[in-house]
Protein chains: 2
Amino acid sequence: MPQRTKKPGASRIRSAAFQRIRADHSSELAEDYVELIADLIDEKGEARGSDVAMRLGVANATVVKTLKRLQDAGLVTQEPYRSIFLTGEGWKMAEDGRKKHKIVEAFLLALGVSEKTARIDSEGIEHHVSDETLRAMARFLARKVM
Amino acid sequence: MPQRTKKPGASRIRSAAFQRIRADHSSELAEDYVELIADLIDEKGEARGSDVAMRLGVANATVVKTLKRLQDAGLVTQEPYRSIFLTGEGWKMAEDGRKKHKIVEAFLLALGVSEKTARIDSEGIEHHVSDETLRAMARFLARKVM
DNA sequence: CGCAAAGTTTAGCATTGGCTAAACCCTTTG
DNA sequence: CAAAGGGTTTAGCCAATGCTAAACTTTGCG
């Protein structure tokens, strides 16, 4: 959680960009998790911790720990030794992420980037595009098509 | 530093994207620091820790700690209570970052995004675009102009 | 049904990147 | 020249995100 510091009135800072990036990083992991969990549920009917671990390329224990935080944040529910479920809020976040992801990836492809690169880069970029940029990408795609 | 783990032969993972993102995050901060230090040196003749702190929107102590790591990594040099210098490697990284940054920002502007958003988003995106995507962006810019 | 294998969780550790408060050094001024 | 004030650093804390190894469930097979 980004701890709120009272910034001294002294010298107003225009570090907005960097502060947003740090904030983005906090939520980035959560978004990746819920998106992945949603995919797993759709693909296989359930999301197991170990599947998440494998796809993310991290250790099982790491997933357990992170899921605990996501549970506290109200994004997932889970019983020990059972598979993972998304809450309403979790689904919403997952859907938002998927939408974003799809636009960014399609955009990169339209730009002439290879499929593999589009897949990898979109994963990294999606968390850092504002709504405005996303709209611009969508506009570009629409123009391309017609 | 990303610790190298020997991934068990069991179940080859295709988590490349996520692993790259985690790796990117390690270097992201370093890039932001050296880029900012380079800017400060060019603008004001020297980079003081407190300027860096102010522009990044973090506490002074945080900068001190991070600079120690960057020094260990061979990117900057510094004496206590003096201003900060970049090593050759540091300059190289800063230049690369600036180049990337410029392309991404110009690209976003060409896409029709507002200046403010372009400035903010490019800061977040620049660390996640591969060379291939960067080339595609440059191509797009070139086409736009002619 | 019981036990072994497979899958999960807990425990404990490390690193990164933040913060505040206190100590420290440098500079400037009286 | 010495002391005050301001800028820097150190100390010590916290949370997030990783890891491995060990403990604990579940499950599935004989």
Side-chain angles (χ1 to χ4, degrees), chain A residues 1-8 10-11 13 15 18-33 36-37 40 44 46-73 75-76 78-84 127, chain B residues 1-8 10-11 13 15 18-33 36-37 40 44 46-73 75-76 78-84 127:
Chain A
M1 271 85 250
Q3 58 270 61
R4 47 174 59 262
T5 311
K6 72 188 58 177
K7 48 191 76 134
S11 70
I13 357 178
S15 48
F18 293 110
Q19 292 186 328
R20 220 207 54 191
I21 289 171
R22 285 197 298 278
D24 286 349
H25 282 169
S26 306
S27 39
E28 203 169 319
L29 197 89
E31 284 171 27
D32 284 343
Y33 268 75
L36 180 47
I37 290 165
L40 285 168
K44 323 180 135 194
E46 68 166 1
R48 328 294 280 357
S50 48
D51 291 337
V52 174
M54 209 184 58
R55 294 237 196 153
L56 288 178
V58 301
N60 239 292
T62 302
V63 170
V64 173
K65 208 182 278 192
T66 304
L67 284 178
K68 221 163 271 166
R69 275 199 307 278
L70 297 187
Q71 192 159 33
D72 290 349
L75 294 168
V76 310
Q78 204 200 191
E79 304 288 315
Y81 299 100
R82 310 296 242 25
S83 66
I84 308 154
H127 304 289
Chain B
M1 273 82 254
Q3 60 272 54
R4 48 175 61 262
T5 312
K6 71 188 58 174
K7 48 193 76 135
S11 71
I13 356 179
S15 47
F18 293 110
Q19 291 186 330
R20 221 208 52 194
I21 288 171
R22 284 198 298 278
D24 286 349
H25 283 170
S26 305
S27 40
E28 203 170 321
L29 197 90
E31 284 172 26
D32 285 343
Y33 268 75
L36 180 48
I37 290 165
L40 285 168
K44 323 181 134 193
E46 66 166 1
R48 327 295 282 350
S50 48
D51 292 336
V52 174
M54 210 185 56
R55 294 237 195 154
L56 288 178
V58 301
N60 239 292
T62 301
V63 170
V64 173
K65 207 182 278 191
T66 304
L67 284 178
K68 221 162 273 166
R69 273 200 306 277
L70 297 187
Q71 193 159 32
D72 289 349
L75 295 168
V76 310
Q78 204 200 191
E79 305 288 314
Y81 299 99
R82 311 295 242 24
S83 65
I84 308 153
H127 303 290

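The basis for the numbers below is simple: all heavy atoms, side chains too, and nothing from hydrogens, waters or symmetry mates. Labels below follow one simple rule: chain letters A, B, ... track the order of the sequence lines, proteins then strands, and each chain is numbered from 1.
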Please report the distance, rounded to the nearest Å, between [atom1] in [X] and [atom2] in [N].
X       : N      : atom1 : atom2 : value
A:Gln19 : C:dC19 : CD    : C1'   : 13 Å
A:Asp51 : C:dT8  : CG    : P     : 8 Å
B:Glu28 : C:dG18 : CD    : P     : 11 Å
A:Arg48 : C:dT9  : CZ    : C1'   : 13 Å
A:Tyr81 : D:dT27 : OH    : C1'   : 13 Å
B:His25 : D:dG18 : NE2   : P     : 10 Å
B:Asp32 : C:dG17 : CG    : C1'   : 13 Å
A:Ile21 : C:dG18 : CD1   : P     : 11 Å

Exercise. Taking only N and O in the side chain of B:Ser50, is any of them less than 4.0 Å away from OP1 or OP2 of D:dT8?
Worked result: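 Yes.
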For this session: Scan residues 64-72 of chain A against DNA chain D and write down, sorted by residue number, each residue with any heavy atom closer than 4.0 Å; if none is found, say none.
Result: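 Close to the strand are A:Lys65, A:Arg69.
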Looking at [atom1] of [X] and [atom2] of [Y], how far apart are the two atoms once the value is rounded to the nearest 0.5 Å?
X        : Y       : atom1 : atom2 : value
B:Ile37  : B:Leu75 : CD1   : CG    : 9.0 Å
A:Leu29  : A:Arg69 : CG    : CZ    : 7.0 Å
B:His127 : A:Ile21 : NE2   : CD1   : 5.5 Å
B:Gln71  : B:Glu79 : CD    : CD    : 8.0 Å

Exercise. Does the pair A:Lys68/A:Asp72 count as a salt bridge with the N-to-O cut at 4.0 Å?
Worked result: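 A:Asp72 and A:Lys68: not salt-bridged.
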For this session: Determine, for B:Arg48 against B:Glu46, whether the closest basic-nitrogen to carboxylate-oxygen distance falls under 4.0 angstrom.
Result: yes
For this session: Sort out for me which residue in B:Ile84, B:Leu56, B:Asp51 forms a side chain to side chain contact (heavy atoms under 4.5 Å, CB included) with B:Leu36.
Result: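 Per the side chain to side chain contact (heavy atoms under 4.5 Å, CB included) rule, the option paired with B:Leu36 is B:Leu56, out of B:Ile84, B:Leu56, B:Asp51.
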Exercise. Taking the side chain of A:Leu29 as its heavy atoms from C-beta onward, which of D:dC19, C:dT20, D:dG18 lies nearest to it?
Worked result: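 From the listed options, D:dG18 comes nearest.
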For this session: Report which part of the nucleic acid B:Thr62 touches: base, sugar-phosphate, or nothing (heavy-atom distance under 4.0 Å, all strands).
Result: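 Here B:Thr62 touches the bases of the nucleic acid.
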Seminar exercise, completed: Ranking A:Glu79 and A:Arg22 by the position along DNA chain C of their nearest nucleotide, the one closer to 5' is A:Glu79
